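These notes concern the structure reproduced below.
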Amino acid sequence: MKFNLKLPFKKLSLPRISFKKLTPEKRREILTSAITVAASLAVAALILGGAANLLGGITEKNSHSKVFRAMERAIPAEVYEKIEPEFDAAEEIRALYAAKTEGELLGYCVHTEAKGYKNPIEILVAMSPEGAVTKVEVLSVKETSGYGSRMEDEAFLSQFEGKSAELTLVRGKTDKEDKISAVSGATVSSNAVKDGVNHAIGAISQIRAAEAKKEAREAERARLAASAAELVQQNVVVPESGEEASE
Amino acid sequence: MKKLIAFLKRSVLLENPVLSLFVGITPLLACSSKLLDGVFMGLCAIVSLLISSMLFRLLRKIVPEKLRDIVFILTVAVVVALCEILLHAFLPTVYESLGMYLPLLSVSGLIFSRSKKFCEEEKFSGCVLEGLSCGIGFFAICTAFALVREFFGCGSVAGFAIIPEKYAMSLVAGPVGGFMLLGIGIALGRKLLAGKKGEEENK
């Protein structure tokens, strides 16, 4: 089968202008216009680039501190160590932190993002060392005021507390362990928050699994070392360093 | 003092950019649902109007007439973008709440058409004064709208709750309320303008 495509309009043709044939005045005009526009664009780019460069450090610091302030409200701790996950975390997750005081783990904080009705919603999820949600805070929300912004309500966000398994959203009231009731009239925004919390739960459970594995491996190694030491004591095996010493 | 009152009256009531010329409606409606947003939007508008009026006046002689629009638009864009960068660096919360509506100011007729008009003034000081007057007019309207919309829509003023949220009309804080308020504002502005014109004719 052959398609015979004919465009409904005439072929566009630009009049051919030879730069050499123009009068000197016209030539000068074209050149000055081109130079003026190029120069003004260059100046604009210089000013904006310079300003952005100069203030870049301050900008980054200020937008960074928002997350830290929220973490301090959720889990007061001495340091918030950034965790670099060894697995592929969901791409919505911006950063993972372990809240520690004097080396003791107080909890995890997950800074995540979820697609809302119009714009992405940034959420901070605080979790206990056991992997249960302790607090959910909405960091930035640009939803329709009066509807979507109601999901910042304590009544909605407190539902997440204590949950540690994948959650689903339902309309109307619920008291089931793995269900969250949506804010009426703002299902999309509620869903976004739920997704964000689910990502956080998933990531933290993976981290905890990885850490448990590491701990088990270390315990195994310690046990082996202990039994080896016992054997040395009973003179069953002579340690290599001992042989060298005797020579 | 009398001069100041006359100046304020002219900028806020008689030659208000929104109520009598209908420019700058987009940023006004978008950023007037919270008092603080409205105040900062108004301030940004004042600053960018002032600076771009002055720059237009200075550039008018250098730039060939054919290219004025291009260069002027670029100037407005640079000034507004600078405002945005400064806000992002020093007031990140305000920057976030204004969002994409601040850059929208650069394509709004408010700054471009007004500043272009003002730069035809003979004196430099006159051009600055016109820019300031227009900016104050926009600032006043933006703040007033934001106050009304936040009070009725969210039951609070600048974040402090006054009416319980149960009784607030969230419709007023939404786009519908903005348009309704705009209609009321324009009607009032026309009434004032008509009264003023009548007075002048009677004289």
Side-chain angles (χ1 to χ4, degrees), chain A residues 25-26 28-67 69-70 118-122 138-150 152-155 183-186, chain B residues 30-34 37 55 59 62-101 106 146 149-150 152-156 165-166 168-178:
Chain A
E25 289 84 50
K26 190 83 188 163
R28 199 174 305 133
E29 199 192 313
I30 292 177
L31 273 177
T32 29
S33 323
I35 291 171
T36 318
V37 173
S40 47
L41 278 173
V43 169
L46 264 180
I47 293 175
L48 288 185
N53 251 339
L54 272 179
L55 299 172
I58 305 173
T59 309
E60 199 164 298
K61 207 178 97 198
N62 281 354
S63 55
H64 203 59
S65 61
K66 185 180 69 177
V67 179
R69 278 199 301 272
K118 273 189 266 175
N119 299 294
I121 304 172
E122 271 180 61
V138 178
L139 294 178
S140 81
V141 53
K142 282 174 205 147
E143 303 291 52
T144 321
S145 54
Y147 294 99
S149 53
R150 270 208 312 244
E152 286 177 274
D153 277 3
E154 202 53 45
V183 176
S184 58
Chain B
C31 292
S32 64
S33 57
K34 294 263 155 60
D37 291 6
L55 284 176
L59 287 171
I62 313 169
V63 182
E65 194 166 359
K66 259 191 181 173
L67 297 172
R68 261 183 212 162
D69 283 6
I70 301 177
V71 176
F72 283 5
I73 285 254
L74 198 64
T75 315
V76 177
V78 168
V79 170
V80 174
L82 271 179
C83 268
E84 196 194 345
I85 292 172
L86 286 174
L87 271 188
H88 194 180
F90 296 109
L91 294 165
T93 45
V94 175
Y95 170 79
E96 263 159 39
S97 61
L98 288 185
M100 64 163 289
Y101 296 106
S106 63
R149 282 176 75 186
E150 197 187 340
F152 288 106
C154 309
S156 57
E165 206 162 338
K166 245 192 289 178
M169 301 175 273
S170 56
L171 201 68
V172 181
V176 181

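Source: prediction; values computed, not measured. Within every chain, numbering begins at 1; the chains are lettered A, B, ... in the order of the sequence lines, protein sequences first and strands thereafter.
Both the backbone and the side chain of B/Phe90 have a heavy atom closer than 4.5 Å to some heavy atom of chain A. Heavy atoms closer than 4.5 Å to chain B are found in both the backbone and the side chain of A/Leu41.
Applying the salt bridge (Lys or Arg N to Asp or Glu O under 4.0 Å) rule to B/Lys66 yields the partners A/Glu29; only residues at least two apart in sequence or on another chain are considered.
Annotation: the span from A/Ile47 atom CD1 to B/Ile85 atom CD1 amounts to 10.5 Å, rounded to 0.5 Å. Within the model, atoms CG of B/Leu67 and OG1 of A/Thr32 stand 7.5 Å from one another, a figure rounded to the nearest 0.5 Å.
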Sequence neighbours excluded and cut-off under 3.5 Å, please list the side-chain donor-acceptor pairs for residues 69-82 of chain B, or say none.
from: B/Asp69; atom 1: OD1; to: B/Lys116; atom 2: NZ; distance (Å): 3.1
from: B/Thr75; atom 1: OG1; to: B/Val71; atom 2: O; distance (Å): 2.6

